[in-house]
Amino acid sequence: MKKKIAFITGATSGIGKATAEALAPHYNLILCGRREERLTELANTLDTDTYPLLFDVRELEKVEQCIHSLPEEWKAIDLLINNAGNAHGLDLIHQGSILDFDAMIDINVKGLLYVSRTIVPMMVERKTGHIINISSIAGKEVYPNGGVYCASKHAVTALSDGLRMELNPFNIKVSNVCPGAVDTEFSAVRFKGDMERASKVYEGYEPLYAKDIADIIAFMVLRPEHVNISDITILPKAQGSATIFNKK
Ligand code: NDP
Ligand code: 8X3
């Protein structure tokens, strides 16, 4: 039987890349991101058909043009994983950079909406599909200095809930995934390449790895058709809340 098609944003690193690897036995993959070399490299290692799409989720016209330009056989998207996103900075709201605020809202919230607004009508038309939004423990809790990132992830959680209700009549599942601390490029991006500061985030305890989240996503998508894991939070054992860690 022909494999189903999954569309993964942010497939060039971290959770998105690990998810592509976990889903490759089960899906043909549309891999999205801005770093072309990484997409090519990933596609070459996966034992499945892949289709790379290079775009910045902030650019609506490019998002639409890329998705609409997919060959017909790639347009029957069964699974959309809205994963692209990052934190930018860790600052008090009254002191933070407006550029960082814009980046988080534009990528994590508006970017997710641009991609969803373009792909979901195709799922509605086919009356089938599954959308998995990568929110965060920051989409359930708020912590000081992370107010804007937390707001962006609370928006993702709200959008998951809204989409689940709205798409219920169309036979489309919507799931919200809320990881705690996962050792990816996330902190390197948050601290703008300051690797010393970034690595400190994961010191003194065992964080989650991207594969831990990817394995759970694979479990979610492989449930029987009548089962929807609608919302799931995954923390490292040493994490008690967004800000409480049992560090050695
Ligand atoms: P990474 O930095 O490793 O990966 C982020 C991915 O998002 C990259 O593939 C990047 O691709 C893509 N991306 C970022 N900005 C854009 C953009 N403007 N347009 C298109 N793609 C973009 O971090 P993670 O894997 O950790 O993050 C993945 C998701 O998981 C994010 O939504 C994050 O908020 C969430 N998350 C992460 C946690 C963690 O502790 N790591 C915990 C909870 C949630 P490229 O740069 O090539 O465009
Ligand atoms: C990433 C996890 O706790 O750094 O979403 O916000 S956290």
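Both ligands and their constituent atoms are indexed starting at 1 by order of listing.
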Requested in this report: Just need the protein heavy atom nearest to atom 33 (C) of ligand 1, so name the residue and atom and give the distance.
Outcome: Y149 OH, 3.7 Å
Report summary line: shortest atom 24 (P) of ligand 1-to-protein heavy-atom contact is with T184 OG1, 3.4 Å
Query raised in the report: Does a donor on one side chain and an acceptor on the other come within less than 3.5 Å for N133 and S160?
Result: yes
**Report entry** I5 vs W74 side-chain heavy atoms within contact, under 4.5 Å
**Finding:** yes
**Report entry** Protein heavy-atom partner closest to atom 47 (O) of ligand 1 - residue, atom, separation in Å
**Finding:** T12 OG1, 2.8 Å
Report task. Could you say whether the N/O atoms of V57 and ligand 1 ever approach to under 3.5 Å? Result -> yes
Report summary line: At under 4.0 Å between heavy atoms, what of V201 touches ligand 2? The answer is neither
Query raised in the report: Where does K140 meet ligand 2, judged by heavy-atom distances below 4.0 Å: at the side chain, the backbone, both, or neither?
Result: neither
Report task. Distance to 0.1 Å, residue and atom name: give those for the protein heavy atom nearest to atom 35 (C) of ligand 1. Result -> I134 CG2, 3.8 Å
Report task. Below 4.0 angstrom from a heavy atom of A138, which ligand 2 atoms are there? Numbered from 1 as shown, please. Result -> 6 (O)
Query - R58 CZ to R34 CZ distance, which is reported to the nearest 0.5 Å - result: 5.5 Å
Query raised in the report: Is there at least one pair of N or O atoms, one from I15 and one from ligand 1, spaced under 3.5 Å apart?
Result: yes
**Report entry** Test item, D56 contacting ligand 1 (heavy atom, 4.0 angstrom)
**Finding:** yes
Requested in this report: Please determine if K247 and E206 form a salt bridge, counting it only when a charged side-chain N lies under 4.0 Å from a carboxylate O.
Outcome: no
Requested in this report: Would you mind checking which non-hydrogen protein atom is closest to atom 43 (C) of ligand 1, with the distance to 0.1 Å?
Outcome: P179 O, 3.2 Å
Query raised in the report: Can you tell me if C178 has a non-hydrogen atom under 4.0 Å from ligand 1?
Result: no
**Report entry** salt_bridge(R38, E185) N-O dist < 4.0 Å
**Finding:** yes
Requested in this report: Provide the number and element of each atom of ligand 2 under 4.0 Å from a heavy atom of F186.
Outcome: 1 (C), 4 (O), 5 (O)
Query raised in the report: Would A181 count as a contact of ligand 1 if the rule is a heavy atom under 4.0 Å away?
Result: yes
Query - Location of contacts on N83 toward ligand 1, heavy atoms closer than 4.0 Å - result: both
**Report entry** Residue-ligand contact R190/ligand 2, heavy atom below 4.0 Å
**Finding:** yes
Query raised in the report: What about G10: any of its N or O atoms under 3.5 Å from an N or O on ligand 1?
Result: yes
Query raised in the report: Side chains of T128 and N171: donor-acceptor distance under 3.5 Å anywhere?
Result: no
Query - Pair T157-K140, side-chain donor/acceptor within less than 3.5 Å - result: no
Query raised in the report: Looking only at N/O atoms, are S13 and ligand 1 under 3.5 Å apart anywhere?
Result: yes
Query raised in the report: Can you list the atoms of ligand 1 that are under 4.0 Å from a heavy atom of G14?
Result: 3 (O), 25 (O)
**Report entry** Heavy-atom closest pair, residues M122 and I77
**Finding:** CE-CD1, 4.3 Å
Query raised in the report: Within 45° of the six-membered ring axis of Y149 and under 6.0 Å from that ring's centre, is NZ or CZ of R190 located there?
Result: yes
**Report entry** E36 CD: over 12 foreign heavy atoms closer than 6.0 Å
**Finding:** no
Query raised in the report: Which heavy atom of the protein is the closest neighbour of atom 41 (N) of ligand 1, given with residue, atom name and distance?
Result: V182 O, 3.0 Å
Query raised in the report: Measuring from the heavy atoms of K153, does anything fall under 4.0 Å of ligand 1?
Result: yes
Query raised in the report: Between E203 and K200, is there a side-chain N and carboxylate O pair less than 4.0 Å apart?
Result: no
Query raised in the report: So is K211 actually on top of Y209's ring, under 6.0 Å and inside 45° of the axis?
Result: no
Query raised in the report: Between Y202 and S187, does any side-chain donor sit less than 3.5 Å from a side-chain acceptor?
Result: yes
Report summary line: Counting from 1 in the order shown, the ligand 2 atoms closer than 4.0 Å to a non-hydrogen atom of I137 are 3 (O)
Requested in this report: Answer whether the closest heavy-atom distance between the side chains of N82 and L159 falls below 4.5 Å.
Outcome: no
Query raised in the report: Short question: side chain of S135, backbone of K153 - any donor-acceptor pair under 3.5 Å?
Result: yes
Requested in this report: Heavy-atom contacts with S136 under 4.0 Å: which atoms of ligand 2 show up? List them by number with element.
Outcome: 1 (C), 2 (C), 5 (O)
**Report entry** Residue part near ligand 1, for S135, under 4.0 Å between non-hydrogen atoms
**Finding:** backbone
Query - Per-residue contact class, R58 against ligand 1 - non-hydrogen pairs under 4.0 Å - result: side chain
Query raised in the report: Does the side chain of S175 pick up a donor-acceptor pair with the side chain of N228 at under 3.5 Å?
Result: yes
Query raised in the report: So, is Y143 polar-close to ligand 2, with some N/O to N/O distance under 3.5 Å?
Result: yes
Query raised in the report: Do the non-hydrogen side-chain atoms of K17 and T12 ever get within less than 4.5 Å of each other?
Result: no
Query raised in the report: Heavy atom of G180 under 4.0 Å from ligand 1?
Result: yes
Report summary line: Looking only at protein heavy atoms, what sits closest to atom 5 (C) of ligand 1 is G85 O, 3.5 Å
Report task. Report yes if R34 has an N/O atom closer than 3.5 Å to an N/O atom of ligand 1; otherwise report no. Result -> yes
